[in-house]
Structure formats: structure tokens, C-alpha cells
Amino acid sequence: ENYTKHDQGVWKLLFDRQITQLPELASNAYINGIALAGLVAERIPNFTMELNPRLQQQTGWEVVVVPGLIPVEDFFKLMSSRKFPSSTWLRKENQLDYLEEPDMFHDTFGHVPLLTNQAFCDFLAKLSKIALDYIDNEEAILQLQRLYWYTVEFGLIQESDGLRIYGAGILSSGGESVYSLESDIPERVPFNIDEIMETPIIKDKFQAKYFIIESYKELYDAIGKIAETLEKNITVQ
């Protein structure tokens with residue numbers, strides 16, 4: 001109720017811009033999730049009254065409000081408890097294409113639709129539990145952050161009707177949505193845990209490399225290998 005008419009207009013502008021191009025670019029689970037989560041262009045969703053009851057029914061998750069970027073340990077504690085952190089500040093019209101940190105549109109429009117997918121949600125919770133086991137090890141956390149970055153934020157998925165986007169960082173960006181699938185500049189390679197853990201995070205421009213999964217079950221099934229690889233990497237150091 002505190003969002004202004006201008007805020008609602010920015011939400012609608014961003015929503016309409018993305019929803020016109022994403023049906024041909026985004027994962028089917030994401031597109032279906034928009035409807036399941038009840039996201040619409042006409043209004044910013046009310047987490048407590050509208051969004052969370054829908055997510056609870058679908059996967060047992062909920063969205064909780066945070067002030068912005070939060071400490072890594074707090075982030076993974078929330079996620080391990082099946083609570084997805086979202087900021088409530090919304091970008092201005094002169095920030096439509098680039099932000100230094102995620103806003104509510106990124107958190108809600110980008111992430112929430114896939115919180116209706118059980119395998120994806122189970123992956124998030126399990127990955128977060130692994131992170132908490134290594135929370136005092138900076139190198140281990142860095143490797144897990146890279147894994148989160150190149151899947152949850154900037155992942156691609158091979159579906160029956162072609163290569164599609166599931167990463168929220170791409171889905172909430174008008175420019176990168178097209179670039180990630182159609183540009184001949186970036187590499188597009190199969191999902192590989194070892195390679196991802198060694199690939200630096202890029203925050204100030206479009207990604208140089210995208211990793212492709214075959215299904216959301218593949219992500220969840222990789223949890224055991226992720227734990228083994230991380231233990232090996234940290235032991236070697």
C-alpha cells in the first residue's frame with residue numbers, strides 16, 4: 001500500500017516489456033509460474049495477502065521482505081528454511097536496464113515464478129544447507145556463490161522446443177534476455193560443476209558464458225556432486 005502511482009507505473013512498464021518477449025525465450029516452467037504466482041502487470045503483488053498463500057500451496061515456500069542486500073549467512077539461513085528474500089525498493093525509469101544491486105522487480109518478477117517449481121525449490125534449499133556448513137570458509141562460499149550465479153541468476157535450460165532462460169538475472173533484463181540466446185558473443189556450454197566453481201562472477205556487463213541444464217531435476221540431482229566437489233576443493237587447498 002506504500003507504493004506510489006509512479007511505482008505502479010514502473011512495475012507495469014517493466015512487466016509489459018518483459019512479458020511480450022519472454023514467451024519465446026523463457027523456460028515453460030517460468031512462464032507457467034507467472035500465472036501460478038498470480039503476477040500481473042496491473043499491480044505490484046502483496047506478498048502477505050496474495051503471493052505467499054499461492055507459493056505455500058505450490059511448493060511450501062514464501063517470500064520475506066529484506067532491506068536490500070543482506071549478509072551471506074542470513075541469506076542462506078532464509079533459503080534453507082524455504083524463505084526467499086526480496087527487497088521492496090523499486091528502480092526508477094532512468095534505471096530500467098541496469099542496477100548495481102537487485103530491486104523488487106528483479107526479486108519478484110525474476111525469481112518468484114520458479115518458486116512454483118518443486119525440483120528447483122528443493123535445489124535452492126539443499127544448496128543453502130551446504131553453504132551453511134561452510135559459512136566460515138570464504139573460498140567455499142565463493143564457489144557456491146558462483147554456482148548460484150550461473151544457475152539461479154544466469155542459467156539456461158534445454159527444453160523440447162529449444163534453448164530457454166530460467167536465470168532471474170536474465171529474465172528481469174530486457175537486453176540480456178535476447179543476448180543470452182541470440183548473440184554469437186557468449187559461450188553456451190553444458191552444466192558442469194567443476195567449471196562453474198572456477199568461473200568468475202561478472203556483475204558489470206552481460207555474461208561471457210552461460211551454462212545449460214537439461215532439466216530442473218538435473219539441478220536437484222547434482223546436490224550430492226556439489227557437496228563432494230566442494231569438499232574435495234577445500235581439502236586440496
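These numbers were taken from a predicted model, which means no experiment stands behind them.
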Supply the atom-to-atom distance I196 CD1 to K209 NZ, rounded to the nearest 0.5 angstrom. 9.5 Å
Donor-acceptor pair, side chain of T20 and main chain of R17, under 3.5 angstrom: yes
CD1-OG1 distance between I234 and T229, expressed to the nearest 0.5 angstrom: 11.0 Å
Is there a side-chain contact between F120 and V152 (heavy atoms, below 4.5 Å)? yes
Would you indicate whether the side-chain heavy atoms of M79 and W61 approach each other to under 4.5 Å? yes
Looking at A131 and I141, what are the two nearest heavy atoms and their distance? O-CD1, 3.5 Å
Please find the pair of heavy atoms, one from T116 and one from A37, that lie closest to each other, and give the distance. CG2-N, 4.3 Å
Criterion side chain to side chain contact (heavy atoms under 4.5 Å, CB included) on D103 and H106, from CA distance to verdict: CA-CA 5 Å; D103 71 338; H106 167 83; 3.6 Å; yes
Is Q158 reaching over with its side chain to a backbone N or O of P190, donor-acceptor style, under 3.5 angstrom? no
Would you say Y210 and V189 make side-chain contact, with heavy atoms under 4.5 Å? no
Taking every non-hydrogen atom, the tightest pair across L156 and I170: CD2-CD1, 4.0 Å
With distance as the sole test, does S81 use its side chain to make a donor-acceptor pair with the main-chain N or O of K83 at under 3.5 Å? no
For the residue pair N137 and A140, what are the closest heavy atoms and their distance? OD1-N, 3.0 Å
Could you walk me through whether S180 and I165 satisfy the side chain to side chain contact (heavy atoms under 4.5 Å, CB included) test, starting with their C-alpha distance in whole Å, then the side-chain angles of each, then the deciding distance to 0.1 Å, before giving a yes or no? CA-CA 8 Å; S180 65; I165 304 162; 3.6 Å; yes
Which residues pass the side-chain contact (heavy atoms from CB on, under 4.5 Å) test with E182, sequence neighbours left out? L25, V178
Could you walk me through whether Y134 and Q143 pass side chain to side chain contact (heavy atoms under 4.5 Å, CB included), step by step? CA-CA 11 Å; Y134 288 90; Q143 292 183 27; over 6 Å; no
With sequence neighbours excluded, what pairs up with A227 under the side-chain contact (heavy atoms from CB on, under 4.5 Å) test? I130
Kindly say whether L14 contributes a backbone atom to a donor-acceptor pair with the side chain of Q18 at under 3.5 angstrom? no
Do the side chains of I44 and F15 join up, straight or via other hydrophobic residues, at under 4.5 Å, putting them in one cluster? yes
Could you pull out all residues at least two apart from D122 that satisfy side-chain hydrogen bond (donor to acceptor under 3.5 Å, both in side chains)? R82, Q118
So do the side chains of F84 and H111 get within less than 4.5 Å of each other, counting heavy atoms only? yes
Judged by atom type as modelled, is there a donor-acceptor pair below 3.5 Å linking the side chain of N117 to the main-chain atoms of A29? no
Return yes if some donor-acceptor pair links the side-chain N/O of N52 with the main-chain N/O of V63 below 3.5 Å, else return no. yes
Side chain to side chain contact (heavy atoms under 4.5 Å, CB included) evaluation trace for K225 with D194: CA-CA 10 Å; K225 175 71 182 303; D194 292 299; 4.1 Å; yes
Is there a chain of hydrophobic side chains (I, L, V, M, F, W, Y, each step under 4.5 Å between heavy atoms) that links V40 to Y3? no
T108 side-chain N/O to F105 backbone N/O, donor-acceptor pair under 3.5 Å: no
Is there a path of hydrophobic side-chain contacts, each under 4.5 Å between heavy atoms, that joins M197 and I135? yes
Are L142 and L147 connected, step by step, through hydrophobic side chains (Ile, Leu, Val, Met, Phe, Trp, Tyr) whose heavy atoms are closer than 4.5 Å? no
Considering all heavy atoms, the nearest D107-S86 contact: CB-OG, 3.3 Å
Salt-bridge test for E198 and R146: reply yes if a basic N is under 4.0 Å from a carboxylate O, no otherwise. no
Do H6 and W11 come within less than 4.5 Å of each other through their side chains, counting heavy atoms only? no
S27 meets the side-chain hydrogen bond (donor to acceptor under 3.5 Å, both in side chains) criterion, sequence neighbours left out, with E159, Y216
Would you call K77 and E73 a salt bridge, taking side-chain N to carboxylate O under 4.0 Å as the test? yes
Are L22 and R164 packed together at the side-chain level, in the sense that at least one heavy-atom pair is separated by less than 4.5 angstrom? no
CD-OG1 distance between E153 and T151, expressed to the nearest 0.5 angstrom: 8.5 Å
Heavy-atom donor-acceptor pair, T59 side chain to L115 backbone, under 3.5 Å: yes
Nearest-0.5 Å distance that lies between atom CD1 in I157 and atom CD1 in I213: 4.0 Å
Any side-chain heavy atom of S173 within less than 4.5 Å of one from F206? yes
Tell me if a side-chain donor or acceptor on S87 pairs with a main-chain N or O of V66 at a distance below 3.5 Å. no
Distance alone, cut at 3.5 Å: any donor-acceptor contact between the side chains of Q21 and E24? no
side-chain hydrogen bond (donor to acceptor under 3.5 Å, both in side chains) involving S80 - partner list, sequence neighbours excluded: none
So do the side chains of L69 and F75 get within less than 4.5 Å of each other, counting heavy atoms only? no
Give a yes or no on whether F109 and V65 share a hydrophobic cluster (residues Ile, Leu, Val, Met, Phe, Trp, Tyr; joining criterion: side-chain heavy atoms under 4.5 Å apart). yes
Passing candidate, ring-ring contact (aromatic ring centres under 6.0 Å, His included) with F211, options Y150, Y148, W149: Y150
When rounded to the nearest 0.5 angstrom, what is the spacing between CD in E139 and CG in L144? 10.0 Å
Given 3.5 Å as the limit, does a donor-acceptor pair link the side chain of D74 with the main chain of I70, or not? no
Could you work out, with side-chain hydrogen bond (donor to acceptor under 3.5 Å, both in side chains) as the rule, every residue matching E50, not counting sequence neighbours? R43
Find the distance between CD1 (I226) and CD1 (I193) and round it off to the nearest 0.5 Å. 4.5 Å
